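Okay, structure first, notes after.
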Amino acid sequence: MKTLGLCIAAGLGLSACASGMTGNTGQNNNVNGVVTQYPVEAAMLNIYTKQRSDKLVAVVGNQSVSADIQVTPKGSMVFNNKSVKGTEINTINKMNNQITNQSVAINYFTLNPLIFHGFTDSTGRYSLSNQTTTIPKMAKVGASSKLITENVYAADSSMRNKIGTYNQDWSLSRDTNNTAWFCIETSGNLLLSYDPAGTSSECYKINAKGDILASKVTLSQPSSNGGTKKITLTSQ
């Protein structure tokens, strides 16, 4: 699954690429005005499969950076010989209001239950996803789970030129009494013995209906002094 953080990375000079889950499908618990569980599947549908736009901004040193993101459903498609649905993610990166990069990717998925099958992008890369768990209808605050192991290939129909393997996990943490942060964490390239590709964390503030209220993306990359360089972009 092509997450937004991976599209943003190239425009910022970074090289990042692409505890228990609950399956409770009941209504949100509301104890003393505090929402204790949120609709995880609905949130993910709102993020990755429905029409929306977003603008993420940050200041790095004395430079302003931004990412304009447009998510557009593409309807029924065929991917890896399967009938699927597709959604296009178009990301335009800017530095000091000048375009530095544009990325276009299509995520492929099926519904009921929501399963991601892979992506293609404008560089010619494509992926095949192994979704290791079912995305729950509802999850309690504090829940987390593995989601996808994804193999990424260069444009080669033989599927022998594998250039990366990534893990993606999700987690749900409290923000306020009636909002939560739903996050997708993406590992670095598991084919490498060290991690120059870095990691990304893509988080969305959601309400009890799974509506997206705000977003932020944190890109992390090892630095030459042994530390970690981080950039966080937040929705405007």
Side-chain angles (χ1 to χ4, degrees), residues 1-7 9 16-25 37-50 52 69 71-89 103-121 125-154 159 161-173 180-191 197 199-204 206 210 212 215 217:
M1 178 177 64
K2 190 78 166 181
T3 60
L4 306 187
L6 306 189
C7 300
C17 180
S19 73
M21 174 179 68
T22 107
N24 189 341
T25 59
Q37 55 183 344
Y38 288 83
V40 167
E41 185 184 57
M44 193 166 281
L45 287 168
N46 287 334
I47 294 165
Y48 295 113
T49 74
K50 296 185 178 179
R52 69 184 187 89
I69 300 160
V71 179
T72 305
K74 304 297 286 185
S76 298
M77 308 181 82
V78 175
F79 175 72
N80 194 29
N81 298 318
K82 297 176 183 177
S83 296
V84 298
K85 294 185 180 298
T87 302
E88 180 181 278
I89 301 175
S103 173
V104 180
I106 298 178
N107 280 327
Y108 302 97
F109 58 93
T110 49
L111 300 172
N112 300 316
L114 175 60
I115 296 174
F116 290 95
H117 297 278
F119 69 80
T120 54
D121 70 17
R125 293 180 302 178
Y126 65 96
S127 78
L128 296 177
S129 298
N130 176 22
Q131 188 165 313
T132 53
T133 58
T134 300
I135 301 166
K137 298 290 185 183
M138 303 289 292
K140 293 181 179 179
V141 171
S144 62
S145 177
K146 294 185 180 299
L147 176 60
I148 286 173
T149 296
E150 189 156 35
N151 293 319
V152 183
Y153 302 87
M159 290 178 53
N161 189 12
K162 187 193 296 187
I163 58 176
T165 299
Y166 306 93
N167 283 335
Q168 292 180 340
D169 305 331
W170 66 261
S171 64
L172 188 68
S173 60
W181 283 105
F182 176 66
C183 296
I184 302 292
E185 313 281 346
T186 302
S187 74
N189 190 339
L190 303 181
L191 296 182
T199 61
S200 73
S201 176
E202 185 178 312
C203 295
Y204 299 87
I206 62 173
I212 309 304
S215 61
V217 172

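All values derive from a computational prediction rather than experimental measurement. Nothing fancy with the numbering, it's 1 onward along the sequence.
With contacts defined as side-chain heavy-atom distances shorter than 4.5 Å, the pair Glu88/Val104 qualifies. Side chains of Ser76 and Lys85 form a contact here, defined as non-hydrogen atoms less than 4.5 Å apart. Side chains of Tyr153 and Asn161 form no contact here, defined as non-hydrogen atoms less than 4.5 Å apart. Residues His117 and Ser129 fail the side-chain proximity criterion, which asks for heavy atoms closer than 4.5 Å. Using a 4.5 Å cut-off on side-chain heavy atoms (C-beta onward), Ile184 and Tyr48 make contact. Counting heavy atoms from C-beta on, the side chains of Lys82 and Thr110 never come closer than 4.5 Å. Using a 4.5 Å heavy-atom threshold, the side chains of Gln37 and Leu172 count as separate. Looking at heavy atoms from C-beta onward, Met44 lies out of side-chain contact with Phe109 at the 4.5 angstrom threshold.
For the atom pair CD of Glu150 and OG of Ser187, the computed distance is 10.0 Å after rounding to the nearest 0.5 Å. Rounding to the nearest 0.5 Å gives a distance of 12.5 Å between CG of Leu128 and OG1 of Thr149. Of the inter-residue distances, the one linking Thr134 atom OG1 with Ile115 atom CD1 reads 6.5 Å to the nearest 0.5 angstrom. One distance of note links OG1 of Thr186 with OH of Tyr166; it measures 10.0 Å at 0.5 Å rounding. Here CG of Asn130 is found 9.0 Å from CD1 of Ile148. Values are rounded to the nearest 0.5 Å. To the nearest 0.5 angstrom, Glu41 atom CD is 11.5 Å from Met138 atom CE.
Under the 3.5 Å distance criterion, the side-chain polar atoms of Gln131 are matched with a main-chain donor or acceptor of Phe116. Looking only at distances, no side-chain donor or acceptor of Thr87 sits under 3.5 Å from a matching main-chain atom of Asn107. Looking only at distances, no side-chain donor or acceptor of Asn151 sits under 3.5 Å from a matching main-chain atom of Lys162.
Across every non-hydrogen atom of Gly86 and Met77, the tightest pair is CA-SD, 3.7 Å. Ala143 and Trp170 make their closest contact through O-CZ3, 3.6 Å (heavy atoms, listed as atom of the first residue, atom of the second, distance). Closest approach of Val40 and Pro136 over heavy atoms only: CB-O, 3.7 Å. The two residues Lys146 and Asp169 have their closest heavy-atom pair at CA-OD1, 3.4 Å. Taking each heavy atom of Pro73 and Val71 in turn, the nearest pair found is CD-O, 4.1 Å.
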Report task. Decide side-chain contact (heavy atoms from CB on, under 4.5 Å) for Thr165 and Val152; before the verdict, give the C-alpha distance in whole Å, the side-chain angles of both, and the deciding distance to 0.1 Å. Result -> CA-CA 6 Å; Thr165 299; Val152 183; over 6 Å; no
Open item on the list: Determine whether Ile47 and Phe182 satisfy the following criterion, side-chain contact (heavy atoms from CB on, under 4.5 Å), listing intermediate values before the conclusion.
Closed with: CA-CA 10 Å; Ile47 294 165; Phe182 176 66; 3.9 Å; yes
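Applying the ring-ring contact (aromatic ring centres under 6.0 Å, His included) test to Phe79 and every residue at least two apart in sequence or in another chain returns Tyr108.
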